[in-house]
Amino acid sequence: MNPTVSIAVILTVLQAAHCQMIKDLSACLLGQSLRVDCRYENKTSNPLTYEFSLTKDNRKHIIQTTINVPENIYRSRSNVTMHKNLVCLYLQSFTTSDEGVYTCELKITNDYTGNQIKNITVIKDKLEKCAGFSLLIQNTSWLLLLLLSLPLLQAVDFVSL
């Protein structure tokens, strides 16, 4: 085999081997809704599939998914939003009967390393309220732009610190 082709094949396999990885899974209360944030690192533009499930009483309940079929009791109460490197599950009318172990499972198309899975135990009385501007923080480019523009704003006497 040609050495150039061998190197290209090895680099392609190494890139595919680490296409995405779940970095963090967190849960909080947003009014009467549960929000589960599944943050991941993605190194490819391939489509992402997801599955959020709840395990309670040793039984897995699929809440929202692009992989399987969600259960009817959760289908009308839940939705998922996707942002850059973040998949959020919202479960409306969250009660103590919805407590248990929540699982986020991600898979990137053509990623042959298997699914990435992370769990979090959710107990209603132990949940914190979601921060009001946490979604803004997730995309920190606006904050960086603001900080970099402060000297310019001061120079034109727009802001005085």
Side-chain angles (χ1 to χ4, degrees), residues 7-146:
I7 292 172
V9 168
I10 290 170
L11 289 175
T12 302
V13 169
L14 288 175
Q15 180 185 7
H18 298 289
C19 290
Q20 112 303 334
M21 180 177 75
I22 297 176
K23 305 288 269 176
D24 183 48
L25 186 63
S26 61
C28 60
L29 275 177
L30 187 63
Q32 297 299 315
S33 297
L34 171 70
R35 187 176 92 196
V36 179
D37 293 347
C38 188
R39 287 179 180 77
Y40 63 96
E41 180 180 332
N42 190 1
K43 297 180 180 174
T44 180
S45 59
N46 293 350
L48 174 76
T49 58
Y50 62 83
E51 180 170 288
F52 284 96
S53 61
L54 164 64
T55 302
K56 63 179 184 176
D57 302 325
N58 294 322
R59 185 167 177 266
K60 179 180 176 181
H61 305 273
I62 298 174
I63 300 172
Q64 275 289 338
T65 184
T66 57
I67 300 170
N68 293 308
V69 177
E71 292 185 19
N72 282 334
I73 60 170
Y74 295 110
R75 206 177 289 169
S76 63
R77 294 177 45 211
S78 62
N79 68 319
V80 170
T81 60
M82 297 177 74
H83 307 282
K84 183 181 179 184
N85 296 340
L86 175 68
V87 182
C88 293
L89 167 72
Y90 295 90
L91 182 60
Q92 300 164 352
S93 304
F94 179 74
T95 66
T96 55
S97 65
D98 298 315
E99 294 177 341
V101 177
Y102 282 74
T103 302
C104 173
E105 182 175 343
L106 301 180
K107 178 151 181 61
I108 298 289
T109 304
N110 297 326
D111 180 1
Y112 303 107
T113 61
N115 297 4
Q116 288 285 313
I117 300 172
K118 208 156 195 106
N119 298 321
I120 187 170
T121 300
V122 174
I123 299 171
K124 186 173 184 182
D125 292 340
K126 297 189 185 233
L127 284 173
E128 294 189 20
K129 294 195 185 297
C130 299
F133 69 107
S134 64
L135 283 178
L136 294 176
I137 291 174
Q138 291 161 10
N139 183 1
T140 56
S141 59
W142 72 271
L143 183 59
L144 180 60
L145 180 63
L146 176 66

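- In terms of heavy-atom proximity, S76 sits nearest to Q92 at O-OE1, 4.0 Å.
- Atom CG in L54 sits 11.0 Å away from atom CG in N119 (nearest 0.5 Å).
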* Verify disulfide (SG to SG under 2.5 Å) between C104 and C38, making sure each step is shown before the conclusion. => CA-CA 6 Å; C104 173; C38 188; 2.0 Å; yes
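- No donor-acceptor pair under 3.5 Å is formed between the side chain of T66 and the backbone N or O of T49.
- The two atoms that bring L86 and Y40 nearest to each other are N-CE2, 3.4 Å, heavy atoms only.
- Residues I108 and L48 share a closest heavy-atom pair of CD1-CD1, 3.5 Å.
- No donor-acceptor pair under 3.5 Å is formed between the side chain of T55 and the backbone N or O of K60.
- With rounding to the nearest 0.5 angstrom, the CD1 atom of I67 is 5.0 Å from the CD atom of E105.
- With rounding to the nearest 0.5 angstrom, the OG atom of S53 is 9.5 Å from the CD atom of E71.
- With D98 as the partner, the side-chain hydrogen bond (donor to acceptor under 3.5 Å, both in side chains) test is satisfied by one option alone out of K124, H61, R77: R77.
- The two atoms that bring S78 and L89 nearest to each other are CB-CD1, 4.1 Å, heavy atoms only.
- L34 and A27 get closest at one heavy-atom pair: CD1-CB, 4.1 Å.
- Not a single donor-acceptor pair under 3.5 Å links the side chain of R35 to the backbone N or O of C28.
- The minimum heavy-atom distance between Q116 and I22, with the atom names listed, is O-CD1, 3.3 Å.
- The number of heavy-atom neighbours closer than 6.0 Å to NZ of K23, taken from other residues, nucleotides and ligands shown, is 12 or below.
- Rounding to the nearest 0.5 angstrom, the gap separating the CG atom in N85 from the CD atom in E41 is 7.5 Å.
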* Asked: Going through the checks in order, is the side chain to side chain contact (heavy atoms under 4.5 Å, CB included) test met by Y74 and L91?
  -> CA-CA 8 Å; Y74 295 110; L91 182 60; 4.0 Å; yes
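- Panel note: side chain K126, backbone T121; no donor-acceptor pair is recorded below 3.5 Å.
- The side chain to side chain contact (heavy atoms under 4.5 Å, CB included) with E51 is formed by just one residue from the set T65, T103, I117, I63; it is T65.
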